[in-house]
Amino acid sequence: MKVRVQAEDFDISREIAALRTGNAGIGAIASFIGLVRDMNDGTGVSTMTLEHYPGMTEKALADIVSQAEARWELLGCTVIHRVGELKPADQIVLVVVASAHRLHAFQACEFIMDYLKTQAPFWKKELTAVGERWVDSRESDDAAARRWWEQKKAQQ
Amino acid sequence: MKVRVQAEDFDISREIAALRTGNAGIGAIASFIGLVRDMNDGTGVSTMTLEHYPGMTEKALADIVSQAEARWELLGCTVIHRVGELKPADQIVLVVVASAHRLHAFQACEFIMDYLKTQAPFWKKELTAVGERWVDSRESDDAAARRWWEQKKAQQ
Amino acid sequence: MLKVLFFASLRERLGVGEESIPVPAMATVAGLLNILRQRGEDWADALAEGKRWRVAVNQDMAQADTALKAGDEVAIFPPVTGG
Amino acid sequence: MLKVLFFASLRERLGVGEESIPVPAMATVAGLLNILRQRGEDWADALAEGKRWRVAVNQDMAQADTALKAGDEVAIFPPVTGG
């Protein structure tokens with residue numbers, strides 16, 4: 001497991017290569033990249049600032065990955081989240097999950113993103129033509145995170 | 001939409017860069033890489049040969065991507081499948097899906113892989129210590145493809 | 001004539017990758033399969049009802065009742081295993 | 001003493017990022033929030049029941065009845081919006 005919070009950009013090919021090294025049992029790699037969009041809720045965004053809670057962010061991300069590792073058969077996982085000032089089209093977050101089989105890789109990758117979106121202490125502030133605004137959390141993200149909890153409960 | 005069947009390897013970073021160029025409305029990129037594993041069903045694999053049906057493969061892949069585009073709001077999609085002789089740890093298939101929102105990107109990426117596994121005319125032959133063998137199709141792949149059809153039916 | 005293709009394990013087992021076959025009187029996928037099964041035990045067994053093979057006509061997945069006409073490309077193959 | 005942190009819109013609205021506060025007599029998250037709400041209208045409003053804020057104690061998500069003791073780090077912030 002590799003969890004990083006950083007201002008620097010990342011490269012998905014390099015991260016996948018690092019994750020795979022020496023493990024030819026990996027048959028499936030699912031990944032996700034989150035990007036800064038130039039529009040949000042109908043307004044143009046010129047700068048996106050990511051604030052975080054140093055210490056807790058790393059801890060929350062490691063906890064989210066541990067939950068995924070307990071739930072699916074994983075052969076490696078990398079999570080990188082950027083902080084600081086970003087521009088439209090910049091990369092924000094990377095999640096890479098390796099497994100022998102694709103269902104595990106896909107499910108764990110989606111689970112990690114859903115939990116990250118609701119449990120990891122990052123906050124986005126957008127600078128738009130009409131001024132600064134903090135991005136509101138979405139009920140759809142809470143619902144997305146909830147379905148994993150409900151799925152687990154249903155299996156017990 | 002970009003669909004390619006080729007003997008050459010691919011690079012996920014380069015494919016994502018090509019897909020994103022000039023579209024800052026993309027907020028989410030989900031991707032999948034399938035790899036040759038060094039073991040399958042308990043036997044070591046030394047070479048994997050991918051046979052295909054030239055002409056129909058490209059058509060089937062394009063059709064699968066069109067179905068995904070009709071079903072989710074996508075901002076770009078790339079599918080690359082390799083053919084010929086591969087070794088353990090080699091890349092076999094790449095699917096990259098871009099969307100404004102992550103749920104669409106994840107679902108379309110998983111859908112494309114599930115349909116590709118059951119509808120696109122590729123066949124794997126493994127060379128192992130005990131000889132050559134054609135890989136058997138899996139009921140789990142049929143079931144994975146079926147759930148999308150059932151989900152669609154349930155929504156109608 | 002039909003252009004008939006065989007792939008993967010079927011191609012290896014039947015020892016043929018491509019051939020030309022006259023359009024059968026019963027001009028459907030089922031009609032073509034009946035004719036092929038009469039070629040001998042190996043063919044009858046490889047293409048037996050209930051065996052796991054698939055047929056595509058002009059590069060689209062087809063069913064037993066899919067119609068055939070002169071010039072069609074018919075492919076017979078095992079369930080796919082790509083990805 | 002408790003180390004109390006505020007983040008994002010709450011930090012901006014309350015004008016404070018970090019401060020030291022004595023452990024309240026009612027030594028829970030709820031007890032601390034009661035004390036903060038008495039600081040004035042802005043605090044009472046920002047931290048009102050039913051408002052969308054979250055609390056972490058020692059960097060783990062916490063509830064109203066989570067116990068507090070000297071040396072604990074308590075963070076108060078709006079729902080997260082990373083990713």
Side-chain angles (χ1 to χ4, degrees), chain A residues 10-17 19-41 44-46 48 75 87-103 105-107 109-114 116-117 138 140-141 143-144 147, chain B residues 10-17 19-41 44-46 48 75 87-103 105-107 109-114 116-117 138 140-141 143-144 147:
Chain A
F10 52 78
D11 177 67
I12 186 173
S13 282
R14 196 171 316 162
E15 296 303 331
I16 289 176
L19 189 66
R20 292 185 52 193
T21 301
N23 192 342
I26 296 173
I29 295 178
S31 49
F32 180 83
I33 297 175
L35 303 162
V36 181
R37 289 187 293 146
D38 57 359
M39 293 285 285
N40 191 18
D41 292 333
V45 174
S46 59
M48 162 87 79
L75 293 170
K87 296 288 177 188
D90 277 355
Q91 303 189 112
I92 303 170
V93 64
L94 172 70
V95 177
V96 181
V97 178
S99 178
H101 302 291
R102 77 182 183 289
L103 184 65
F106 270 125
Q107 292 225 333
C109 190
E110 237 183 306
F111 168 90
I112 289 169
M113 274 308 302
D114 287 343
L116 186 158
K117 282 254 173 195
R138 291 175 192 274
S140 62
D141 285 328
R147 74 189 154 130
Chain B
F10 52 77
D11 177 66
I12 187 174
S13 282
R14 196 173 316 162
E15 296 303 332
I16 289 176
L19 189 68
R20 293 185 50 193
T21 300
N23 193 341
I26 297 173
I29 294 178
S31 48
F32 180 83
I33 297 174
L35 303 162
V36 181
R37 289 186 294 145
D38 57 359
M39 293 285 285
N40 191 19
D41 292 334
V45 174
S46 60
M48 162 88 77
L75 294 170
K87 296 286 178 191
D90 277 356
Q91 303 189 113
I92 304 171
V93 63
L94 172 70
V95 176
V96 181
V97 177
S99 178
H101 303 290
R102 79 183 182 287
L103 184 65
F106 270 125
Q107 292 225 333
C109 190
E110 236 184 306
F111 168 90
I112 289 169
M113 275 307 302
D114 287 344
L116 187 158
K117 282 255 173 193
R138 292 175 191 273
S140 61
D141 286 327
R147 74 189 155 130

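Only the backbone of V36(B) comes within contact range of chain A, with at least one heavy atom under 4.5 Å from a heavy atom of that chain. Using a 4.5 Å cut-off between heavy atoms, I92(A) makes no contact with chain B at all. Contact annotation for N40(A): neither backbone nor side-chain heavy atoms come within less than 4.5 Å of a heavy atom of chain B. Proximity to chain A is limited to the side chain of Q91(B), based on heavy atoms less than 4.5 angstrom apart.
Heavy-atom pairs under 4.5 Å with chain B peak, among H101(A), M39(A), E110(A), at E110(A). Ranked by heavy-atom pairs under 4.5 Å with chain B, the list S140(A), C109(A), G34(A), A105(A) is led by C109(A). The candidate from D114(A), D38(A), V95(A) with the greatest count of non-hydrogen atom pairs under 4.5 Å with chain B is D38(A). Ranking P88(A), A100(A), A98(A) against chain B, the residue ahead of the rest is A100(A), based on heavy-atom pairs under 4.5 Å.
Within residues 20-29 of chain A, the residues having any heavy atom less than 4.5 Å from a heavy atom of chain B are, in residue-number order, R20(A), A24(A), G25(A), I26(A), G27(A), A28(A), I29(A).
For the residue pair R102(B) and A144(A), the shortest heavy atom distance occurs at NH2-CB, 4.0 Å.
Paired with S31(B) under the rule side-chain contact (heavy atoms from CB on, under 4.5 Å), one option of I12(A), I16(A), V96(A), I33(A) passes, and it is I12(A).
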